[in-house]
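Below, chain A is the first sequence line, B the second, and so on; all start at residue 1. Note that these values count all heavy atoms, side chains included, but never hydrogens, waters or copies made by symmetry.
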There are 2 protein chains.
Amino acid sequence: MVSSSVPGTEPRKVTIHDVARSAGVSRQTVSRALNDKDEIDHSTKQRVLDAARALGYRPSRFARGLVRQDTTTIGLVIPDLLNPFFTEVAAAALEAARTRGWHVVVYDTADRAEEERGTLQVISSQVDAVVGYFSCPEDEVELYTRGMPVVLIGREHRTARFSSIRIDGEQGVHSAVAHLVARGHTRIGMLDHDGRAEPSVRREWFTAAAASHGVDTEMVVGADQSADGGGAALKRLLTAHPDVTAVFTFNDIIAIGALREARRLGRNVPQELAVIGFDGLQLGAVVEPPLTSVALDTRRLGALAIEQVARLLTGVDPLAADDLVVRAELRLAGSA
Amino acid sequence: MVSSSVPGTEPRKVTIHDVARSAGVSRQTVSRALNDKDEIDHSTKQRVLDAARALGYRPSRFARGLVRQDTTTIGLVIPDLLNPFFTEVAAAALEAARTRGWHVVVYDTADRAEEERGTLQVISSQVDAVVGYFSCPEDEVELYTRGMPVVLIGREHRTARFSSIRIDGEQGVHSAVAHLVARGHTRIGMLDHDGRAEPSVRREWFTAAAASHGVDTEMVVGADQSADGGGAALKRLLTAHPDVTAVFTFNDIIAIGALREARRLGRNVPQELAVIGFDGLQLGAVVEPPLTSVALDTRRLGALAIEQVARLLTGVDPLAADDLVVRAELRLAGSA
DNA sequence: TTGAAAGCGGTACCAA
DNA sequence: TTGGTACCGCTTTCAA
């Protein structure tokens, strides 16, 4: 039995020319009909529209973009869309972009440097500016984004063309440690980000805050960026240091995994183990107990990034570093 | 003090022509240099590249797309990126798209018909195909997506050009109700989707399943699509029907809100109140108790949608309705 | 190895 | 109200 689809019959793209011929008019007239211009006879317009429909015509976005030069597309690069933190940022960025009539192409790099490179490579010819998280060296980002505004989130920049949204958690983490100390905790551990060469900035904040309270800062273990990772890390931490009574985590997802693990281990939270996360996810409100966290305003973060992109694109009045900061602050809930 | 930025100095877009002139070659030579062609002298190439860099030149993606016709961009339309279910689907779709070298523009319609229309309007001239969730009438979707493949998720279609990924939860919901009945529950309520004119399909599955077990099916209240909404709905349900001992919910987010509310009300889960959600979110594993749910394979859902788009775009061998189904099945955990 | 010319598929400006 | 023509910025083909 032969398939009814005939090879080689692949319908070549229908162009404005085809419509024009089919309707017996010129291309310009077709253009007028499709763009709702006034200078066209009603019946002509109708005829053109019918022809277009009949042929299944759709204007080429490239041709149109070429002549109109009015569409802006932003590339949003994110390590892991399944981590609610990045989802919240993405949602905020999408909304900020929509109010400007911009389009956002989203790339999930799965937190892999290799994917990051691939994305960068491909992105440069598809968008007008880039916003997002990158872990690869700045000169690589620089290399692939030649001539394009770039806004980095949560990371310093050197390149002039780049901007950074700085995440300032120093105060917040200090408050968190202070809170724990005030509650009588002296053995405070941390579940840090795993897999990076150097310790995270958040860890540095933690270390500094702990030291300033005369608290030991040696009890740090790395955790995978997931709830499971957080659980496993807590287990390791408690095995190595059974006397730990409080933990600060790199982010909320890890903290949530830690909460679950604590429950499994029969450790009461917050009585026997206090947990403080970082991010302030909405998700933290639905776990038990609700998660105490050093919270970021993710809406502001996303909106700020898009705002800066807007300024960089128009070249007017870009925000200075001092305005490109999102401060985290301690938000108390049930877990500490 | 006068600002140093001079109005009217806005740098006109640098084109290939500018680079050519600056390097003292023709445009084609510039093109060759930039696209790593062989037929070019090494020193010439270097000179062109330098000129391009100096001018901050970036090729127009429109001009390039126009002539190369090789980039595919999909529009992914989602009601609410903050709902983890849609995030999971989106992540799956992004990954499936990436393996094909496609770009995905994401639009969050905030579950509002108005935004849906705006998105549809704008999308048609920006993408090659559309995948996603729509709540507005099919003829509106049809109107704006003229000539473009469309894959609807979780919704039937009539239009020939459209495809649907069907979500089949009939079996799964039946199993869920059977499970509850086997556990001795006879008063089973439902927290349904709110804000739609007609009752949801999931409610119909529930009603049918309950009826087949001789269980009353009248105890349904609407819930907002959020944890808070789920909590509020549970409260209303229990107020109206204090004898309810089990609830089935429209989705997991609502169920998670219900779990939290149950805790606040002092109702033990699952002993005094059994809860079963729908979606099978990864998130369900981190709440307490872990959520029993009628689970969907979101990875498959997203991948299937992209797969079908691929077939529609090439016109070869689109999947038939029977293959465009994702079945949900009961996944037991702690909450029921 | 390089350049001239012809498109890619539209829209804008003009004259008819 | 219409159509001719130029042009948007780039790549491809073909000569030089």
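Under the 3.5 Å distance criterion, the side-chain polar atoms of T298(B) are left unmatched by any main-chain donor or acceptor of V89(B).
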Summary of protein contacts for nucleotides 10-16 of chain D, nucleotide by nucleotide, where a base hit scores B, a sugar-phosphate-only hit scores S (4.0 Å, heavy atoms) | BBB----
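Remark: C1' of dT2(D) and NE2 of H42(A) are 17 Å apart, rounded to the nearest angstrom. Residue L66(B) contributes atom CG, which lies 17 Å from atom P of dA6(C) at whole-angstrom precision. Regarding D18(B), its CG atom lies at a distance of 11 Å from the P atom of dC8(D), rounded to whole Å. What separates CD of Q46(B) from C1' of dT1(C) is a distance of 17 Å, to the nearest Å. Atom C1' of nucleotide dG10(C) and atom CD of Q69(A) are separated by 12 Å, given to the nearest angstrom.
Sorted by first and then second residue, the pairs that involve residues 148-163 of chain A and meet salt bridge (Lys or Arg N to Asp or Glu O under 4.0 Å), not counting sequence neighbours, are E142(A)-R161(A). Applying the salt bridge (Lys or Arg N to Asp or Glu O under 4.0 Å) test to residues at least two apart or on different chains, the pairs with a partner in residues 108-122 of chain A are D111(A)-R196(A), R112(A)-E115(A), E115(A)-R98(B), R117(A)-E140(A). Evaluation of the salt bridge (Lys or Arg N to Asp or Glu O under 4.0 Å) test over residues 49-64 of chain B, restricted to residues two or more places apart or in two chains, returns D128(A)-R61(B).
Of the candidates dG3(D), dT1(C), dT2(D), the closest approach to any side-chain atom of I40(A) belongs to dT2(D).
At the phosphate of dG3(D), OP1 or OP2 sits under 4.0 Å from a side-chain N or O atom of T29(A).
For E307(A), the side-chain hydrogen bond (donor to acceptor under 3.5 Å, both in side chains) partners at least two apart in sequence or on another chain are R100(A), R311(A).
Between the side chains of E138(A) and T159(A), a donor-acceptor pair is found at a separation under 3.5 Å.
With respect to the salt-bridge test (charged N to carboxylate O, under 4.0 angstrom), the residues R32(B) and D38(B) do not qualify.
Note on the helix from dT1(C)-dA16(D) to dA16(C)-dT1(D): angle between the axes of the first and last five pairs equals 40°, rounded to 10 degrees.
Nearest approach of A96(B) to A303(B), heavy atoms of both residues: CB-CA, 4.0 Å.
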